[in-house]
Amino acid sequence: MKQALKFLKQHPTIAVGGFLLLMLILMAIFAPWIAEKDPMALSPIHRARVPSDQFFFGTDLLGRDVFARVVYGARVSLVVGFTVAILSAVIGTIIGLTSGFVRWVDAIVMRIMDGLMSIPTILLAIALIALTRASLENVIIAITIAEVPRVVRLVRGLALSLREQPYVEAAIAAGASPIRVVFKHIFPNTVAALTVQTTYICGLAILAEASLSFIGAGVPPSIPSWGNIMAEGRALWQIKPHMIAFPALFLSITILSINMLGDGLRDAIDPRMAKRI
């Protein structure tokens with residue numbers, strides 16, 4: 001316990017970012033208890049109300065409680081962010097290690113990755129969703145496909161440099177199988193950088209989902225999402241700014257907490273980086 005407190009004291013960005021993210025996760029988990037109102041319940045007589053004791057964040061154009069929708073919207077954003085980060089890390093690591101260790105695979109795989117990276121994430125996700133339909137699962141798949149090349153390039157670059165290290169060459173000379181060399185000598189040395197990259201992908205995925213939902217290409221309107229909450233309130237944002245301000249605030253706090261956590265992990269993993277900064 002003392003070591004953990006000492007670590008957090010030495011790296012306040014990890015402590016602050018982790019605390020904010022933990023609060024958001026708890027908010028998403030306990031959404032039914034935090035927001036007692038139904039986020040999809042329509043109430044025309046309460047439409048476009050400003051924040052008050054009855055409606056903490058006001059109501060939207062259909063009379064739905066913005067507070068409840070923002071709280072439940074955290075579930076979509078966090079699920080998308082964490083799922084995309086995990087899937088991208090797993091798929092990208094497997095492809096990157098294979099590409100970095102098997103020379104003939106490298107030329108083929110990296111050309112595909114270069115082609116995917118040449119297309120902006122949002123445009124690629126829109127194109128993939130247009131081929132199917134708007135749903136939470138398709139949004140996750142589309143963003144994952146767009147983010148995998150980032151992980152592949154990172155892991156592949158580390159694998160190429162580690163492959164030339166003396167201890168790896170010694171393991172190969174000793175007769176170790178390629179799979180053993182990869183998972184015992186190369187993969188463990190990519191975990192640190194991969195962890196930091198995963199946090200950034202999580203933030204990018206949350207922002208991408210909000211952007212897709214804002215333009216109507218993300219999750220369907222029946223599912224509360226910070227992106228579609230802002231989209232529904234943009235018509236009256238000049239006179240009823242609360243419809244956009246609150247979901248935008250929570251989105252910003254989420255991205256900030258994840259970025260702070262990633263920056264702190266980077267400094268903790270590579271103290272020389274913190275000294276240069």
Can you find a pair of side-chain heavy atoms, one from [X] and one from [Y], that are under 4.5 Å apart?
X: Ile206; Y: Ile255; result: yes
X: Met23; Y: Leu20; result: no
X: Leu87; Y: Ile140; result: yes
X: Leu21; Y: Leu78; result: yes
X: Leu204; Y: Ile143; result: no

For [X], enumerate each residue passing the side chain to side chain contact (heavy atoms under 4.5 Å, CB included) test, keeping only those at least two apart in sequence or located in another chain.
X: Ile14; answer: Phe7, Leu8, His11, Leu261, Leu265, Ala268
X: Asn138; answer: Thr132, Arg133, Ser135, Ile141
X: Thr93; answer: Leu97, Val151, Val155, Phe187, Leu194

Under a single-linkage definition using a 4.5 Å side-chain heavy-atom cutoff for Ile, Leu, Val, Met, Phe, Trp and Tyr, are Phe55 and Met27 assigned to the same hydrophobic cluster?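 Looking at the clustering, Met27 is in a separate group from Phe55.
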
Between [X] and [Y], what is the shortest heavy-atom contact and its length?
X: Leu158; Y: Ala193; answer: CD1-CB, 3.9 Å
X: Val219; Y: Ser225; answer: CG2-CB, 3.5 Å
X: Met117; Y: Pro149; answer: CG-CB, 3.2 Å
X: Ala159; Y: Gly96; answer: CB-O, 4.4 Å

Just by modelled atom types, is the [Y] backbone N or O under 3.5 Å from a matching donor or acceptor in the [X] side chain?
X: Trp226; Y: Val70; result: yes
X: Ser213; Y: Ala210; result: no
X: Ser257; Y: Thr254; result: yes
X: Asn228; Y: Ala231; result: no

Qualifying salt bridge (Lys or Arg N to Asp or Glu O under 4.0 Å) pairs with a residue from [range], counting only residues at least two apart or across chains:
range: residues 199-211; answer: none
range: residues 188-204; answer: none
range: residues 231-249; answer: Arg64-Glu232, Arg69-Glu232
range: residues 13-39; answer: none

Sequence neighbours left out, cut at 3.5 Å: what donor-acceptor pairs do the side chains of residues 242-253 make with other protein atoms?
residue : atom : partner : partner atom : Å
His242  : NE2  : Arg49   : O            : 3.0
His242  : NE2  : Thr59   : O            : 3.2
Ser252  : OG   : Ala248  : O            : 2.9

The criterion is salt bridge (charged side-chain N to carboxylate O under 4.0 Å, His left out); which residues satisfy it with Arg75, sequence neighbours excluded? none

How many angstroms lie between atom [atom1] of [X] and atom [atom2] of [Y], to the nearest 0.5 angstrom?
X: Glu137; Y: Thr83; atom1: CD; atom2: OG1; result: 10.0 Å
X: Leu160; Y: Ser99; atom1: CG; atom2: OG; result: 7.0 Å
X: Phe214; Y: Ile229; atom1: CZ; atom2: CD1; result: 12.5 Å
X: Thr144; Y: Leu128; atom1: OG1; atom2: CG; result: 10.5 Å
X: Leu207; Y: Cys202; atom1: CG; atom2: SG; result: 11.5 Å
X: Arg47; Y: Asp60; atom1: CZ; atom2: CG; result: 9.0 Å

Under the side-chain hydrogen bond (donor to acceptor under 3.5 Å, both in side chains) rule, collect the residues that match up with Tyr72, sequence neighbours excluded. none

Tell me every residue that passes side-chain hydrogen bond (donor to acceptor under 3.5 Å, both in side chains) with His46, counting only those two or more places apart in sequence or in another chain.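 Counting only residues at least two positions away or on another chain, His46 forms a side-chain hydrogen bond (donor to acceptor under 3.5 Å, both in side chains) with Ser43.
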
Scan for side-chain hydrogen bond (donor to acceptor under 3.5 Å, both in side chains) pairs involving residues 148-161, sequence neighbours excluded, and state none if there are none.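 Listed once each, the pairs are Asp106-Arg156, Asp114-Arg153, Glu147-Arg150.
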
Is atom OH of Tyr200 surrounded by more than 12 heavy atoms (other residues, nucleotides or ligands) closer than 6.0 Å? yes

